[in-house]
Amino acid sequence: MNILTERLNEDQPIFIQIAELIETSIVEGDRLANEQVPSTNEFAKHYQINPATAAKGINLLVDQGILFKKRGVGMFVTEDAKQIILAKRQERFYTHYVQPLLQEAKRISLTQEQLLDFIKEGFSHED
């Protein structure tokens with residue numbers, strides 16, 4: 001995934017989208033530990049956004065320990081970035097998908113076994 005070829009949308013703040021583009025490139029292995037990410041000016045020029053908006057997204061990742069700054073050089077991926085992102089996204093997955101799934105399963109009287117069968121069936125149809 002080339003970060004600078006993705007499109008932004010109206011669904012969420014731009015700085016969050018910038019952060020998520022970088023995160024996704026790390027999770028997918030396109031950006032490795034100690035590898036440089038595009039600068040705020042590159043994001044700003046490509047997406048025609050304010051450099052401060054791009055910086056806000058990048059700084060969010062710095063605050064989370066995903067990126068680090070080399071003065072005068074740029075921003076780079078930390079050694080633990082992928083693990084941090086995966087843990088964060090797994091927690092979000094549980095909150096946004098698994099909990100509502102379980103609530104609906106209980107509402108419609110699905111047993112644990114039935115729910116697991118549905119999940120297994122879904123995985124078998126993925127290929």
Side-chain angles (χ1 to χ4, degrees):
M1 170 187 146
N2 182 342
I3 296 172
L4 296 178
T5 61
E6 296 297 311
R7 295 207 160 169
L8 301 179
N9 60 56
E10 305 285 326
D11 296 345
Q12 62 185 165
I14 292 172
F15 78 96
I16 298 287
Q17 292 180 65
I18 296 294
E20 287 186 354
L21 285 172
I22 295 169
E23 284 183 353
T24 299
S25 73
I26 294 168
V27 168
E28 291 180 352
D30 297 326
R31 291 272 189 265
L32 304 174
N34 299 306
E35 194 172 325
Q36 189 170 9
V37 298
S39 70
T40 56
N41 289 333
E42 288 175 292
F43 278 113
K45 182 178 178 184
H46 180 78
Y47 289 112
Q48 299 180 352
I49 59 174
N50 187 319
T53 301
K56 190 172 178 182
I58 288 172
N59 288 331
L60 183 65
L61 298 179
V62 170
D63 292 345
Q64 295 173 8
I66 294 168
L67 299 179
F68 69 95
K69 182 177 188 170
K70 286 186 184 177
R71 282 217 184 272
V73 182
M75 295 293 188
F76 293 80
V77 178
T78 65
E79 290 287 336
D80 297 329
K82 188 170 183 175
Q83 292 77 20
I84 292 168
I85 297 164
L86 288 174
K88 180 173 74 165
R89 288 190 175 190
Q90 288 168 0
E91 177 63 32
R92 185 169 59 203
F93 179 82
Y94 180 77
T95 303
H96 287 95
Y97 298 102
V98 175
Q99 285 180 333
L101 173 76
L102 293 173
Q103 290 169 351
E104 182 62 14
K106 288 176 186 174
R107 267 194 290 277
I108 62 172
S109 301
L110 277 180
T111 66
Q112 182 178 357
E113 292 76 24
Q114 289 171 311
L115 182 57
L116 289 173
D117 286 343
F118 282 147
I119 292 169
K120 289 175 186 174
E121 183 179 326
F123 270 107
S124 69
H125 287 23
E126 282 291 309
D127 301 328

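Side-chain atoms are counted along with the backbone in the values below, which use heavy atoms only and exclude waters and symmetry mates.
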Checklist entry - What's the verdict on side chain to side chain contact (heavy atoms under 4.5 Å, CB included) for Val37 and Arg31, showing C-alpha distance, side-chain angles and the deciding distance? => result CA-CA 8 Å; Val37 298; Arg31 291 272 189 265; 4.0 Å; yes
Taking every non-hydrogen atom, the tightest pair across [X] and [Y]:
X	Y	answer
Ala19	Gly57	CB-O, 3.6 Å
Thr53	Phe15	O-CB, 3.4 Å
Gly65	Thr78	O-OG1, 2.7 Å
Leu32	Gly29	CD2-O, 3.6 Å
Gln64	Lys88	OE1-NZ, 2.8 Å
Glu23	Ile66	OE2-CD1, 3.8 Å

Do the side chains of [X] and [Y] join up, straight or via other hydrophobic residues, at under 4.5 Å, putting them in one cluster?
X	Y	result
Leu102	Ile119	yes
Phe123	Leu115	yes
Leu86	Leu67	yes
Ile84	Ile16	no
Ile26	Met75	yes

Where the side chain of [X] meets the backbone of [Y], is there a donor-acceptor pair that is under 3.5 Å apart?
X	Y	answer
Ser25	Ile22	yes
Thr95	Arg92	no
Gln17	Gln12	yes

Checklist entry - Would you call Ile18 and Leu60 a side-chain contact if the rule is heavy atoms closer than 4.5 Å? => result no
Roughly how far, to the nearest 0.5 Å, is [atom2] of [Y] from [atom1] of [X]?
X	Y	atom1	atom2	answer
Asp117	Gln112	CG	CD	10.5 Å
Thr40	Asn59	OG1	CG	8.5 Å
Ser109	Gln114	OG	CD	9.0 Å
Glu113	Lys120	CD	NZ	9.5 Å

Item to check | Parallel, tilted or perpendicular, as decided by the 30° and 60° cut-offs, for the rings of Phe43 and Tyr47 | outcome: parallel
Checklist entry - Does atom CZ of Phe118 have more than 12 heavy-atom neighbours, drawn from other residues, nucleotides or ligands, at distances under 6.0 Å? => result no
Next on the checklist: With a sphere of 6.0 Å drawn around CD of Gln103, does it hold more than 12 non-hydrogen atoms of other residues, nucleotides or ligands?
Outcome noted: yes
Next on the checklist: I'd like to know whether Phe76 forms a side chain to side chain contact (heavy atoms under 4.5 Å, CB included) with Asn34, so could you lay out the CA-CA distance, the side-chain angles of the two residues, the decisive distance to 0.1 Å, and finally the verdict.
Outcome noted: CA-CA 5 Å; Phe76 293 80; Asn34 299 306; 5.6 Å; no
Checklist entry - Checking side chain to side chain contact (heavy atoms under 4.5 Å, CB included) for the pair Leu8/His46: CA distance, chi angles, key distance, verdict? => result CA-CA 11 Å; Leu8 301 179; His46 180 78; over 6 Å; no
Checklist entry - Charged N to carboxylate O below 4.0 Å: is that the case for Arg107 and Glu104? => result yes
